[in-house]
**Q** 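One structure, as structure tokens, below. Some questions next.
Just so we're on the same page: letters track the sequence lines, and every chain starts at 1. Since we're looking at a predicted model, the values are computed, not measured.
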Amino acid sequence: MPFETAPGLEAGVLLASILFCLGLAGLMMRRNIIFMLMCVEICTNAAALMFVVAGAHWGNADGQVMFVFVVTLAAAEVAIALALVLQFYHRKHTVDIDQLNELRG
Amino acid sequence: MQGLLAWVPLLPLIGFLLLVAIPLFYSKEPSEKFVTAIGVGSVGISALLTAIVATTVFWQNPGEVVNIALWQWMLVDNLELGFNFHVDWLTLVMLMIITGVGFLIHLYSAGYMREDPDFRRYFAYLNLFVCAMLILVMADNLVLLYLGWEGVGLCSYLLIGFWYKNPANGAAAQKAFIVTRIGDTAMAIGLFLLFFEFSTLNIPQLISAADSSGANSQIITVATLLLLGGAVGKSAQLPLQTWLPDAMAGPTPVSALIHAATMVTAGVYLIARMHPLYMLSETAMTAVAVVGALTLLLAGFSAIAQSDIKRVLAYSTISQIGYMFLALGVGAWSGAIFHLMTHAFFKALLFLSAGSVILSLHHEQNIFTMGGLYRRIPFTFICFAIGCACLAALPFTSGFYSKDQILLRAWEFHDGFNSLWLAGILGALVTGIYSFRVLFLVFAGSEGSSSSHCKDANNTVMRVPLAILATLALFGGMLAPPLQSVFGTQTWEHPAAWVEGVAIAMPLIGLVIAWGLSRQQQKTGEKRSPIMQFWFSGWGFDWLYENLLAKPFRNLARLNHKDIIDSIYKGTAAFSQQLNSLLSSSQNGQIRWYLATFAAGSILFLALLVAL
Amino acid sequence: MNAQELFGILPLLLVSAGIVILLLQVSFWRGHVGALATTIITLVLAGISCFWVAGTLSTGASSIQVTGLLLVDHTSLFFALLLLLTAIAVCIMGYSYLRMRCNPKVNSGSYPEEFYILLLLAMLGATTLVFASHFATFFLGLELISLALYPMLGFAVNGDLSPQKEQLQSLESAIKYLLLSALSTALGLFGIALIYSASGSLSFSGIASHMTELSQTSTLFATGVTLLLISVAFKLSLVPFHIWTPDVYQGAPTPTTALIATVGKGAVIGFLLRFFSTLDLYESQVLIDMLSIAAVASMLVGNLLALMQTNIKRLLAYSSIGHIGYLIVAFIIGKSTFGTEAVIYYLVAYIITTLGAFAVVGLIADSVEEKVLNGEYPENPTLNSENPYQCDFYRGLLWRSPWLAGCMAAMLLSLAGIPLTIGFIGKFYIFTAGIEGQLWILLASVVIGSALGLFYYLRLLLIMVQRDNIVTEEPSGSVQIATSGNLLLIILTGALLVFGIFPQLLINWINAL
Amino acid sequence: MNFVFYLTAAIAIISTIMVIFHKNAVHALLYLVTSLLAVAVIFYQFGAPLAAALEVIIYAGAIMVLIIFVIMMLNQGDSTVVQEQAWLQPTTWVGPAILSALLLVQLILLVSSGQISSTQTFHYIGPKQVGIALFSHYVLAVELASMLLLAGLVGAFHLARRRKIDQGDSNNAI
Amino acid sequence: MTLLAIIIILFAGGIIAWLSERYLQKGGRWISLVSLLLAALLLVNYWSYLGTPQSVSGGPWWDSLQAAWIPRFGISFHLAVDGLSFLMLTLTIAMGIFGLVMTWNDINFRRGFFYFNFLWTLAGVVGVFTAIDLFLFFFFWEVMLIPMLFLIAVWGYEKRIYAAIKFFIFTQASSLLMLIAIVGLAYIHYRNSGQLTFNYNELLGAELTANAAYWLMLGFFIAFIVKLPALPFHTWLPDAHTQAPTAGSILLAAILLKTGAYGLLRFNLPLFPESSMAFAPVAMTIGAISVIYGAMLAFAQRDMKRLVAYSSVSHMGFVLLGLYALDTIAVQGAVMQMIAHGLSTAALFALVGALQHRLHTRDMQQLGGVWAILPKLSAVALFFAIASLGLPGLGNFVAEFTVLVGSFRSNHWITALAAIGLIGAALYALLMMQRVFFGKLRNQFESPSESGDTADLSLRESCALLSLALLLVVIGLRPQPIFNISEPTVTQAIAEIKAVAPDQNLLSSQSQRQEILISTGDKSP
């Protein structure tokens with residue numbers, strides 16, 4: 001078992017931060033709502049990664065338990081999100097999020 | 001008997017109230033007779049009461065002082081003011097002038113104003129005026145005096161603007177009130193200063209306090225100068241004289257009563273009343289004298305240049321009051337009051353006769369359109385001539401006695417030849433010129449354009465007062481009031497004979513010049529040389545004030561009529577709206593922008609953390 | 001987990017049971033009124049159980065720790081009760097909203113019952129959140145609210161007869177909220193993970209016990225808390241995380257708006273109070289600074305944004321941003337008992353007032369919608385004065401429908417903090433709290449914000465009393481609303497006035513915690 | 001040896017970058033799956049096999065399949081690549097990139113300032129431990145998670161349903 | 001109980017008036033009249049106190065009522081009345097009746113709601129004048145605003161919304177500062193004494209550091225001078241007054257402005273004697289500048305109501321000047337000015353309202369020569385214009401004179417500056433007379449076609465206006481009873497201040513004067 005030589009907490013935090021920021025960047029860049037959902041998943045996943053890393057650091061199961069919950073959330077969230085995307089496409093015939101700007105001012 | 005004095009001011013007040021209250025209860029306008037009965041009657045009874053008291057109380061005992069306490073007015077902390085009257089000989093003289101001359105003018109008015117639709121209003125104002133004037137002279141404290149002081153100012157305002165439909169009258173009235181108000185404000189500040197210094201405003205207390213204590217002479221000087229400011233305003237002296245010529249817009253009897261006989265002399269009365277204070281301050285005395293001397297010359301020259309009969313008289317009034325101020329300034333207290341009295345007689349006479357002329361000429365006032373009227377209205381001519389003679393102080397007229405006293409005193413006060421005396425002498429010459437000039441222009445020479453439709457408008461109601469006044473003007477010089485009880489006995493040695501000679505000669509020289517001048521002017525008509533034009537305009541004071549004070553103030557007010565301070569708040573509101581639209585544009589509905597702001601916000605929060 | 005623990009979370013259990021029962025009920029027999037009844041009964045029972053639990057609390061321990069995840073104490077029970085009562089109000093509003101639009105008789109595809117299921121799910125999340133003493137329950141509670149809210153926001157998209165425009169707006173608000181909320185959740189989770197990695201514990205008390213060994217300045221921990229705070233600030237729509245608020249409020253069905261504005265915020269405040277006091281985060285200057293900045297910015301920006309707004313729901317959204325800003329002023333000194341009291345009082349005031357305002361707006365819109373569906377009113381009004389969400393529609397309302405306008409006026413005055421209303425006492429609390437904490441800059445912002453706020457509250461208020469449009473040529477002369485709606489308004493307005501005039505009643509209840 | 005970690009981390013980062021910059025949705029999704037698999041490997045390295053498995057099964061499996069389903073339904077194939085090209089101009093992505101980079105720098109600054117020196121040993125936490133935790137201490141949370149899924153279910157059910165009435169109206173949708 | 005009864009009668013009267021709208025078209029005004037008369041009757045209860053100043057044991061209060069309200073904060077429902085309050089109450093009720101009678105027929109829609117607002121404003125003001133608990137005071141302070149807001153916004157003229165919002169934001173924002181100050185005061189007192197209370201009588205004894213007291217004083221001060229109003233917070237007033245309906249203008253001018261002055265005298269001076277003393281020169285300067293600035297702006301106006309409104313700024317400047325002269329005479333004068341200004345300005349607003357009702361304009365450029373068609377109205381207007389320029393013999397003179405005499409003792413130059421305002425008063429008052437009532441009659445008013453409209457004052461209006469005129473004359477000639485009533489309050493307030501600075505300059509010079517007077521006393525008669 002190679003766990004003794006595993007990289008430090010810092011490396012894990014770093015990776016999670018990078019992934020999170022990448023997800024955030026994608027979220028802001030993409031106009032395609034499907035891509036935005038993917039980026040949300042990246043962010044959520046980064047947070048989940050953080051839990052697991054921290055859990056490993058402290059050696060208790062809480063991290064992985066939280067991971068399970070996060071994944072649950074991600075699943076439920078994506079289900080609703082996709083339903084909304086379907087409705088959106090159904091009504092607007094586009095996946096361009098910029099078309100969704102009726103509410104403003 | 002003394003209690004009757006309280007009724008003296010009360011009766012005109014009742015008259016006023018009755019005249020004002022009538023329309024509240026009757027929809028119909030009361031008849032002229034009724035109004036006359038109340039309006040003239042009330043003042044008449046007052047005059048009668050005054051006469052009774054004067055003969056029964058004061059004549060017997062010249063030193064008598066009557067105090068009448070009506071009710072407490074204010075008692076706050078140490079400010080104690082009563083609604084109390086204080087009557088001594090000085091007051092009595094004023095009372096007699098006000099009620100006596102006032103009654104005559106009321107009587108005359110009944111004739112003069114007949115057929116005016118606002119007959120009732122006229123007498124209401126007039127009665128209120130008499131009441132206020134009486135309070136002014138009877139007040140035993142300066143605040144009550146101030147009450148009367150402002151009251152007469154108000155009535156003056158109302159009566160100048162009596163014919164309100166002509167905006168010019170209103171403007172004149174407004175000017176009169178505001179210019180005098182400037183003086184009044186100075187006087188009010190003087191009152192504050194006196195109260196600050198002496199903790200009382202009761203005149204006798206004030207005088208005794210000033211006399212006895214080593215009061216701060218500087219404060220007294222300032223206070224007396226401030227009071228002088230009030231007097232100058234009310235008496236139309238330099239530099240606040242400009243309102244009086246314009247005040248001639250009112251009905252002529254009003255000019256006679258208010259702007260010649262009574263109200264305008266209130267300043268003289270005030271200074272005479274407060275003379276112990278003035279005597280404590282050399283500066284104040286000098287100031288009074290200088291103001292008087294300058295005014296009498298200035299106004300005299302202006303009178304020479306006028307073409308409106310009433311304006312001539314107005315300037316002459318200013319000039320004569322200048323004499324009184326000169327008298328006050330040189331300590332001739334009784335002389336000033338004496339001149340005040342004789343002036344009341346002859347100036348009232350002059351104005352009333354001028355009123356007759358005007359009425360006869362159907363409200364024509366330009367002397368250049370008149371001429372040769374002595375044939376058409378002889379009675380008026382005689383009255384006017386008597387008035388002019390008195391005004392010019394021809395020997396043995398009442399004006400002569402009073403003015404002579406003043407000139408002599410001026411000579412003596414400064415030990416001989418001096419500028420004040422010179423001013424007085426010069427003034428006498430000028431007086432002669434302008435008074436006879438107007439007499440000649442109106443009544444002598446060839447008939448002017450308006451003389452042709454002259455119709456004697458005098459009726460009995462008007463003739464009687466004229467006659468009485470003419471008598472008084474001629475022989476009033478014998479009636480020098482016994483004012484020693486008030487001012488103390490003043491004796492002075494007689495100056496050289498030539499001094500008196502000059503004083504007598506001056507009016508006569510003036511008469512001659514006036515003759516020549518009037519002959520010439522009747523030919524040239526209204527054309528005026530530049531210097532005459534300058535005098536005509538009253539030495540440009542109106543122009544000066546208009547451009548130096550009134551216009552800048554009006555412009556400033558107009559500039560700021562939207563209230564500059566409001567723009568601060570309007571600006572704040574506009575700024576908020578700008579912010580609002582700026583922030584609203586951030587709510588652009590673009591979700592990616594929203595995400596970006598979210599990220600930016602997070603960066604901001606983390607930056608706080610990084611910074612620490 | 002023993003019986004006492006189970007009893008402690010009775011409200012939670014009741015709500016869960018209600019959800020299950022409602023699900024079963026709906027699957028066998030669909031019926032709008034039935035679903036409403038079940039929901040209200042559930043909520044009422046849960047509310048009563050709060051009293052019950054509180055009763056046992058006062059005799060026994062002052063709090064019950066349930067499996068380390070939940071902690072039931074007086075304050076959280078009060079919050080739970082408050083939120084459950086709010087939910088009842090939302091139910092009634094929802095009924096009025098759905099009555100015509102989701103009428104299965106007209107349209108067989110309409111399933112209004114789902115609204116109630118989702119509402120109960122959100123309430124389960126909210127009650128969990130206020131009881132949470134562990135990040136797992138916090139996170140699950142928070143997300144339960146969010147997940148229930150997404151479909152509720154987009155409820156009009158499906159099974160609803162609202163105009164196309166409203167359906168689209170509903171969809172838009174749902175998508176916007178979902179994306180932003182998902183991001184904020186991710187950020188919050190990241191923060192929790194950082195806290196966890198710094199302290200090694202997920203329960204508040206566990207972290208608190210580590211606080212001593214964990215040096216206060218641990219940046220990992222601080223970063224985590226900051227990120228969590230950002231996530232919470234997003235839910236509270238504090239500036240600069242406020243930007244979703246107006247769009248979501250405007251697009252959502254009004255009952256959902258009311259829910260998100262009251263329960264969504266109230267539950268988070270409840271959590272925040274417990275979180276900060278357990279961890280004693282008031283000592284951390286940088287967090288207080290952040291909150292202060294957010295509060296100042298919220299007060300100013302929120303009120304400025306509302307200044308010229310003409311859509312009432314947006315206006316209320318902006319004003320709610322400002323109000324949460326005020327609340328944070330009191331929250332900052334929350335370590336004293338007085339601060340907590342002030343926060344709770346203000347929250348109560350805020351909830352009552354916001355509910356009332358949205359109730360009026362919603363009920364009016366519903367009555368207009370009824371006319372639209374009956375074909376008596378243009379579906380897509382061209383004039384602002386015919387759009388029930390625009391200020392212009394309210395012109396002269398006081399003369400047309402005095403009662404509704406009176407309620408609205410009371411709500412607006414309360415929002416503006418004028419005496420006789422609960423909002424005034426709330427503001428008084430804020431001031432007292434601010435003075436106790438000597439927070440002068442914040443107080444100045446409160447004053448400026450209130451002054452700005454006055455402008456638009458008054459504008460709306462005065463629009464309602466405008467006299468020039470009294471001529472009733474408009475088709476919608478007076479606005480008729482359902483009895484249940486009237487009842488709701490009576491209760492809300494009554495509470496607003498009673499607690500405004502006799503605040504001691506409410507203070508006693510709060511202090512009885 | 002940390003080499004494996006850095007390699008997988010690099011893979012995760014690169015594939016994530018590909019996700020956010022790729023024009024083809026399906027390709028991007030595949031990159032995302034790659035990224036998730038890499039993360040799963042990292043989980044394994046951190047001694048969390050259960051998490052690694054769940055990552056693969058639920059994330060890379062279920063959730064991604066769900067998304068792919070929707071992509072297919074919406075016909076987001078090659079045809080939209082051009083459109084994505086147009087949407088992804090530098091002007092649109094520079095700003096967000098800077099913002100994200102800033103955030104990243106801040107996070108790195110804050111996180112790496114080095115107070116995490118307590119222990120560097122990592123513990124293996126197997127599925128059993130996690131399971132025990134889940135069903136003892138966290139049992140209530142699990143229940144709540146089920147409710148979470150229920151909410152997702154009800155929500156998705158409500159939203160995704162298509163009504164007959166809509167089809168009639170769909171033409172005049174604004 | 002009398003006080004509570006008055007407030008309840010007014011509140012209840014308002015509600016009844018509103019409810020009766022549906023059934024009785026014009027019932028509201030009768031209900032209002034009856035309520036006001038009842039309130040006036042209740043005031044007669046205090047008749048026995050009028051003759052005997054400083055009679056009661058236990059402080060200056062004639063009557064008080066205390067009930068716990070919010071014990072959590074030590075707030076009680078505490079009403080009390082003393083001479084000053086009594087004067088203000090009388091003024092309030094009297095002006096309420098006057099406003100009601102003057103606008104008896106003016107309101108022609110939503111009458112019930114109008115009278116509701118009218119009475120509630122009055123009730124709020126009564127509360128303000130009697131509340132002794134600071135929180136309660138603030139409560140009423142705000143309560144009176146809302147109905148006033150409606151009065152302006154519903155029954156006002158063209159720009160009513162703008163005016164109403166401006167009015168409200170100014171007063172409300174400033175009163176928030178006061179709320180902060182109130183809470184701050186109570187909190188400091190709580191920290192020092194451990195007793196949380198908002199009771200005025202107890203807070204009088206609060207020990208404050210100089211710095212804290214100064215800031216708290218400023219909080220109160222700003223709220224009060226916004227209401228007063230003084231520069232630079234006066235700009236709400238012209239708009240509010242101009243746009244308000246006649247009855248609203250009357251209430252605003254006659255009563256609401258007085259609440260600011262009342263607050264200064266009741267709270268600011270006694271609660272913060274040292275800082276008031278330190279602040280006095282600034283406040284006096286503000287007062288003097290307000291006097292002049294207000295007069296100047298009044299002079300520049302075209303709109304008659306605006307003119308009167310700015311004249312209020314000028315007049316209330318005297319109040320501020322007098323109060324901060326911290327001199328018995330000046331403060332008494334300020335109280336008198338509050339009353340006199342209430343009477344005269346209310347009447348002027350009523351007259352402008354009456355004029356507008358008849359001629360449909362307030363623009364002075366369109367008016368002129370009105371005397372010819374409305375002689376009675378014009379005569380009455382003349383009277384009140386003269387009153388407002390401070391003619392001796394009328395109440396305003398007594399007030400202004402005492403203010404100036406008193407404050408001259410404190411500060412020569414500022415007082416002299418303020419005295420210049422007397423000229424300004426003459427300027428604008430006469431300008432109004434000249435522009436509106438004198439001069440040529442405009443053509444459009446000449447034709448008596450709308451004869452119904454251009455009727456002169458009716459008996460009702462005449463009686464209302466003349467009773468005010470009579471009051472002004474009575475006050476002008478016999479002000480002593482009013483001075484006597486307010487004396488205990490004023491002397492107490494001044495005593496508070498003098499107690500903290502016995503060795504102040506002005507007072508020592510004062511005693512010098514006294515010595516002089518004593519030394520000369522035996523000589524004077």
**Q** Is any side-chain heavy atom of A:F20 less than 4.5 Å from a side-chain heavy atom of C:L187?
**A**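 A:F20 reaches C:L187 side chain to side chain.
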**Q** At a 4.5 Å cut-off on heavy atoms, which part of A:L27 comes close to chain C: side chain, backbone, both, or neither?
**A**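 For A:L27, side-chain heavy atoms alone lie under 4.5 Å from chain C.
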**Q** Tell me which of these, A:L84, A:T72, A:L24, has more heavy-atom pairs under 4.5 Å with chain C than the rest.
**A**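 Among the listed options, the one with the most contacts to chain C is A:L84.
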**Q** Given side chains that start at C-beta, do those of A:M66 and C:F139 come closer than 4.5 Å, heavy atoms only?
**A**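 In short, these two side chains touch, coming nearer than 4.5 Å.
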**Q** Return the option, out of A:G59, A:A16, A:C39, A:G23, with the maximum number of heavy-atom pairs under 4.5 Å with chain C.
**A**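 Counting heavy-atom pairs under 4.5 Å, the top option is A:A16.
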**Q** Drop me the distance from C:L227's CG to A:M50's CE, to the nearest 0.5 angstrom.
**A**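 Atom-to-atom, C:L227:CG and A:M50:CE are 10.5 Å apart.
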**Q** Looking at chain C, which one of A:C43, A:G55, A:A46, A:A76 has the largest number of heavy-atom pairs inside 4.5 Å, strictly under?
**A**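 Sorted descending by pairs with chain C, the first entry is A:G55.
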**Q** Is it the case that the side chain of A:W58 and the backbone of C:S197 share a donor-acceptor pair, with hydrogens and angles ignored and the cut-off at 3.5 Å?
**A**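 Yes; at least one donor-acceptor contact below 3.5 Å.
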**Q** Once you round to the nearest 0.5 Å, how far does CG of A:L37 lie from CG of C:L179?
**A**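 Between atom CG of A:L37 and atom CG of C:L179 there are 6.0 Å.
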**Q** For C:L305, which atoms come within 4.5 Å of any heavy atom of chain A: side chain, backbone, both, or neither?
**A**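 Interface part for C:L305: neither.
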**Q** What's the spacing between A:N60 CG and C:S201 OG if we round to 0.5 Å?
**A**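 A:N60 CG to C:S201 OG: 8.0 Å, rounded to 0.5 Å.
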**Q** Could you pull out all donor-acceptor pairs under 3.5 Å where a side-chain atom in residues 141-151 of chain C meets a protein atom, sequence neighbours excluded?
**A**
{"from": "C:E143", "atom 1": "OE2", "to": "C:T185", "atom 2": "OG1", "distance (Å)": "2.8"}
{"from": "C:S146", "atom 1": "OG", "to": "C:L142", "atom 2": "O", "distance (Å)": "3.2"}
{"from": "C:S146", "atom 1": "OG", "to": "C:K235", "atom 2": "NZ", "distance (Å)": "2.9"}
{"from": "C:Y150", "atom 1": "OH", "to": "A:E77", "atom 2": "OE2", "distance (Å)": "3.4"}
{"from": "C:Y150", "atom 1": "OH", "to": "C:S181", "atom 2": "OG", "distance (Å)": "3.0"}

**Q** Just so I know, are the side chains of A:F51 and C:L202 near enough to count as touching, which here means a heavy-atom distance under 4.5 Å?
**A**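 With C-beta onward as the side chain, the pair touches.
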**Q** Quick one: does C:L168's side chain get under 4.5 Å of A:K92's, heavy atoms only?
**A**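 Yes, side chains in contact.
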**Q** Quick one: are C:L178 and A:V40 in side-chain contact, heavy atoms under 4.5 Å?
**A**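 Not touching, per the 4.5 Å side-chain cut-off.
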**Q** Quick one: pull up OG in C:S173 and CD in A:E102 and give me the separation to the nearest 0.5 Å.
**A**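 Spacing of OG (C:S173) from CD (A:E102) equals 11.0 Å.
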**Q** Evaluate the side-chain proximity of A:S17 to C:F190: yes if any heavy-atom separation is below 4.5 Å, no if none is.
**A**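 They are in side-chain contact.
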**Q** Under 4.5 Å heavy-atom distance to chain C, tell me which part of A:I33 shows up: side chain, backbone, both or neither.
**A**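 Contact with chain C is through the side chain of A:I33 alone.
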**Q** Between C:A182, C:G154, C:G188, C:G191, who has the most heavy-atom pairs with chain A when the cutoff is under 4.5 Å?
**A**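 Looking at each option in turn, the highest pair count goes to C:A182.
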**Q** Identify which of A:N101, A:V85, A:V70, A:L100 forms the greatest number of heavy-atom pairs closer than 4.5 Å to chain C.
**A**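 Option with the greatest count: A:L100.
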**Q** For C:Y318, is it the side chain, the backbone, both or neither that has a heavy atom under 4.5 Å from a heavy atom of chain A?
**A**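 Only the side chain of C:Y318 comes within 4.5 Å of chain A.
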**Q** Check whether any side-chain N or O of A:R91 sits under 3.5 Å from a backbone N or O of C:Q167 as a donor-acceptor pair, and report yes or no.
**A**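 Such a contact is absent between A:R91 side chain and C:Q167 backbone.
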**Q** Does C:E172 use its side chain to pair, donor to acceptor, with the backbone of A:L103 at less than 3.5 Å?
**A**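 It does hold such a pair.
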**Q** Got a second to check how far C:K176's NZ is from A:I97's CD1, nearest 0.5 Å?
**A**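 C:K176 NZ to A:I97 CD1: 8.5 Å, rounded to 0.5 Å.
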**Q** Does any backbone or side-chain atom of C:I175 lie under 4.5 Å from a heavy atom of chain A? Answer side chain, backbone, both or neither.
**A**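 For C:I175, the contact with chain A is made by backbone and side chain together.
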